[in-house]
Structures are given as C-alpha cells and as structure tokens.
Amino acid sequence: MANAKELSGAGLRGQIAGKTALSTVGKTGSGLTYRGYDVKDLAAHCEFEEVAHLILKGELPNQAELAAYKQRLKAMRNLPQALKEVLERIPASAHPMDVMRTGCSMLGNIETEQSFAQQHDATDRLLAIFPGLINYWYNFSHNGKRIEVETAADSIAEQFLWTLHGEKPTQLHTDVMNASLILYAEHEFNASTFTARVCASTLSDMHSCITGAIGSLRGPLHGGANEAAMELIEKMDNPDDAEAKLLGMLERKEKIMGFGHAIYAESDPRNAVIKEWSEKLAKANGDTSLYDISVRCESVMWREKKLFCNADFFHASAYNYMGIPTKLFTPIFVCSRLTGWAAHVMEQRADNRIIRPSAEYTGVEPRSVKPIAQR
Ligand SMILES: CCC(=O)SCCNC(=O)CCNC(=O)[C@H](O)C(C)(C)COP(=O)(O)OP(=O)(O)OC[C@H]1O[C@@H](n2cnc3c(N)ncnc32)[C@H](O)[C@@H]1OP(=O)(O)O
Ligand SMILES: O=C([O-])CC(=O)C(=O)O
C-alpha cells in the first residue's frame, strides 16, 4: 500500500470542503473507487454506460437496465437545428473546449432544466449529445461537412469515434475509448467538479453547472494536460531525445504536463490501465515510437523527480494512435466527466448549503475616500 500524500498549504489542499458518496481518491495513497468499486475493476469488466449508471443512479445496472439505458441515450442524440446553427458559426480556429462550453450553454437556452425533477433527463441528454455536438462542429469547421449524428453506434465510446471519423470504429478502438471514458468519469473534489458544486450550491440549473465545469477542466493544470502532453511528446524524436529534452526542461524548472497529482502520492491508478491500452494500440499500429518515447519520459521523471504519470499522460499517445486530433482530447474528457459532475450536482442539491468560504484579507487598512479633485 502506498503512503498517503501529506496535504497542506495553498489551494485548499487537504481541507474537507463537503461530503460525497461518489468516489474515493488516494485514500490508500494510490487507489480510486467509484461508489465502492475499484476503477481498475470497472475498466476491466464494464461498459462506460454501466459506470455512468452506477455513478448517476447509485448501482451497476443488470442486463435489462443497461439495455434500456443505452436505448434511451441512443434516442437522445439528435442536435436541434438552432444548436447546429450556433456550431456552424464557430470558427475552425476556436478551441474545442470553448465549443463544448458554448454548446452546453446553448442547449441550456433551448432545453432548459425547468426544475430539479428534470435533472436526470438533462444529464442523459448531455451524455447522449456531447460526442455528436463536438464532432459536428469539428467536421463542419474543418472539412465543410454536415455530419449525421444519429448513427447506429451502440455506445457513447463508439459514437464519439464514429461521428469523428464518419465510419464504424474497430473493436480495439471502441474498447480503448470505453476504458478511457470509465477512467475519466469521476474524481471527487477536483477543480472542475468543485466548480460544478459551487454553482449547484446557488440552486442554479444543470447546464450552468456543467458549463462552468467545462471552463475549469479546460486549463492545462487539469484536463487540458492531455493535449499539452501530446504537444510535448510529438516534439521528441526518440527515447534518447526525450530524455535530453526532459532533463533540459527540468533544469529550467519547467512544468512537465501529464505528471504529478494534487492528491496521489506515488502513482495514479488510471495510468497503468491507459498505458496498457496505449501499448496495445502501438503494436496494432506497427509503430511503437510514441509509446516508447512516453515510457522513457515516465522513467526519467520518476528517476529525477519522483514524479509519476497522471491519467492524462498515456492518454496522449493512446488518442493519437486512434487518429484523434490533439485538440479534441479534452472534449473526450468532458464526455466522460459529465457523469461525475452531474452526480455531484445532484448530491449537492440533495443536501445543500450555499458554498461560501472566507478569505484572509491582505489588503490595505481602512481609509477614507478623498474627493476626486484631491486625488
Ligand atoms: C487527469 C486529470 C488531471 O487533472 S490530473 C492533473 C493534470 N495536470 C498536469 O498534468 C499538469 C502538471 N502537473 C502539475 O502542475 C501538478 O503536479 C498538479 C497536478 C497541478 C498538482 O499540483 P500540486 O498539488 O501543487 O503539486 P505538488 O504539491 O505535488 O508539487 C510538488 C512540487 O513538484 C513540482 N511539480 C509538480 N508537478 C510537476 C510537474 N508536472 N512538472 C514539474 N514539476 C512539478 C511542483 O512545482 C512542486 O515544486 P515546489 O515544491 O513548488 O518546488
Ligand atoms: O483530482 C484532481 O485534482 C484531478 C484529476 O485527476 C481528475 O480530475 O481526474
């Protein structure tokens, strides 16, 4: 069992900011559980929709419940015309996370959550629509194509790849995407989830909570790290070059994206799972260089700084091997983490008090206002 990380200092580190029954992070130094199940177990045995059901409704579904849930989500994939029109006006130069944020917010205008009794409907609609939404914008803005989002895809994993590439993905790619969505689904009081909870605590609507969370996830210190990691490793020619470049960055005290974690002490349990998938993809592609570079980065960072790969690092090579453009990496995280965000919104609503911490004042002492002519 790994040692738990000592948590203190700025950034509210180590402070209990609320209660949750949804997940535990780093409780034993390295573990991650969703409602009591180990994430590795879930990633090995479940479909993402089973895990979404677990997180949002409390239990893993049986066969009939899963079939009904998947059918329900499948029937909710259509993009309203007004949303398509908004997406078509967003330029190709936009960051896809900004497109996600705008898309979510726009949906809140046309399919507003009128009362908390609709919170599951609003969440399911977002789960169903997000993959098609981002890939509709991507294909329209980059290839001038208006894609069909109501595909025959059997799952959210398949729907993402199908709407991106315009064809049914291979089983290997669907399996990797499925595991990836499970790994990213929920993570206690991380920055984006806390954003969603703060918003929920004002009794705001689901779309506002999720829109705010998307904005928080976008940053490179959080979900944006998978894109930043890709930008780093694609500049490396081979493992020796990777080592030389990393040593230089460490020397210059630069941050290496995809490494370290606010809570985990010695490893992020999600890394082993996505690393294994990345290796399988590398072998299937017949070109292991990106994987080999990533492995060298991992060993150099541990040797030099005792910093380990977080969930984002090997996602970069895995997504790249599946032909996913780098700027779509973090939106995939959104398609998954939506489950955790929404479940936290529901949990906050069920036992709410407005979240309003205090600040330690560091400004000037009280003073009087001089009339403007005397300043
Ligand atoms: C999967 C979704 C996620 O959001 S996982 C996080 C994704 N973010 C990244 O990969 C960005 C790179 N990592 C980081 O910036 C930090 O490790 C994050 C994740 C923000 C955690 O920050 P914090 O809790 O402050 O780290 P810490 O107290 O453990 O830092 C201890 C000292 O180590 C350093 N450190 C940390 N990470 C890195 C890194 N990736 N590259 C270089 N140095 C790193 C910190 O700066 C800190 O150093 P010092 O003690 O201030 O000198
Ligand atoms: O928990 C965190 O601070 C960041 C993280 O790994 C996640 O949100 O998946």
Side-chain angles (χ1 to χ4, degrees), residues 2-15 17 20 22-27 29-34 39 43 51 55 97 180-197 213-233 245-275 294 297-298 300-316 318-319 329-341 343-344:
N3 294 322
K5 188 170 171 176
E6 233 176 77
L7 300 172
S8 63
L12 297 179
R13 202 69 82 257
Q15 316 232 7
T20 186
L22 294 168
S23 62
T24 62
V25 173
K27 224 177 156 189
S30 63
L32 169 60
T33 64
Y34 300 165
V39 73
V51 173
I55 292 172
M97 284 297 278
S180 166
L181 293 172
I182 291 173
L183 296 177
Y184 272 147
E186 159 57 14
H187 220 244
E188 200 222 27
F189 276 23
N190 61 84
S192 56
T193 300
F194 197 60
T195 303
R197 282 193 83 128
I214 293 170
S216 286
L217 189 70
R218 184 191 194 291
L221 294 191
H222 192 11
N226 56 14
E227 294 176 25
M230 187 64 225
E231 282 154 17
L232 177 72
I233 57 178
K245 287 203 165 98
L246 277 185
L247 291 176
M249 289 177 78
L250 292 174
E251 178 78 32
R252 295 189 297 278
K253 304 238 175 293
E254 289 174 28
K255 270 238 161 123
I256 319 292
M257 298 308 180
F259 284 87
H261 200 273
I263 306 295
Y264 296 123
E266 293 171 10
S267 66
D268 178 333
R270 300 166 295 184
N271 178 52
V273 181
I274 194 63
K275 181 180 173 186
S294 305
C297 291
E298 184 178 35
V300 170
M301 289 297 284
W302 184 253
R303 186 190 72 211
E304 296 295 318
K305 291 277 169 195
K306 292 285 171 282
L307 281 168
F308 53 89
C309 296
N310 59 50
D312 279 332
F313 192 70
F314 276 91
H315 263 102
Y319 286 169
F329 288 5
T330 320
I332 302 173
F333 199 153
V334 173
C335 295
S336 159
R337 182 59 58 87
L338 166 63
T339 50
W341 291 334
H344 276 275

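In listed order, ligands and their atoms are each counted from 1. Note that the numbering runs from 1 along the sequence shown for the chain. Bear in mind that the values here come from a model prediction, so they are computed numbers and not experimental data.
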Residue, atom name and distance, where the atom is the protein heavy atom closest to [atom]:
atom	result
atom 5 (C) of ligand 2	His187 ND1, 3.2 Å
atom 3 (O) of ligand 2	Asn190 CB, 3.7 Å
atom 8 (O) of ligand 2	Arg337 NH1, 2.8 Å
atom 4 (C) of ligand 2	His261 NE2, 3.5 Å

Contact check, side chains of Phe189 and His344, non-hydrogen atoms, under 4.5 Å: yes
So, do Phe259 and Cys297 sit near enough that their side-chain heavy atoms are less than 4.5 Å apart? yes
Test your reading of the model: is there a side-chain donor-acceptor pair from Arg13 to the backbone of Leu7, 3.5 Å cut-off? no
Backbone N/O of Leu181 and side chain of Ser336: donor-acceptor pair under 3.5 Å: yes
Can you list the residues that meet the side chain to side chain contact (heavy atoms under 4.5 Å, CB included) rule with Leu250, with sequence neighbours excluded? Ile256, Met301, Glu304, Lys305
Among all residues two or more places apart in sequence or in another chain, which pass the side chain to side chain contact (heavy atoms under 4.5 Å, CB included) test with Glu298? Asn271, Lys275, Cys309, Phe314
Tell me if the centroids of the rings in His315 and Tyr184 come within less than 6.0 Å of each other. yes
Between Thr339 and Ala185, the two heavy atoms sitting closest are OG1-O, 3.3 Å
The answer for which part of Glu188 has a heavy atom under 4.0 Å from ligand 2 is neither
When you look for heavy atoms under 4.0 Å from ligand 2, do you find them on the side chain of Arg270, its backbone, both, or neither? side chain
At less than 3.5 Å, what protein N or O atoms come close to the N or O atoms of ligand 1? Include the distances to 0.1 Å.
residue	atom	partner	partner atom	Å
ligand 1	4 (O)	His222	ND1	2.7
ligand 1	8 (N)	Leu221	O	2.8
ligand 1	10 (O)	Gly258	N	2.7
ligand 1	10 (O)	Asn310	ND2	2.8
ligand 1	13 (N)	Phe259	O	2.8
ligand 1	15 (O)	Lys255	NZ	2.9
ligand 1	17 (O)	Phe259	O	3.4
ligand 1	24 (O)	Arg13	NH2	3.0
ligand 1	29 (O)	Lys5	NZ	2.6
ligand 1	40 (N)	Ile256	O	2.7
ligand 1	40 (N)	Phe259	O	2.9
ligand 1	41 (N)	Ile256	N	3.0

Residues in ring-ring contact (aromatic ring centres under 6.0 Å, His included) with His187, at least two apart? His261, Tyr264
Test of proximity, Asp268 against ligand 2: N or O pairs below 3.5 Å: no
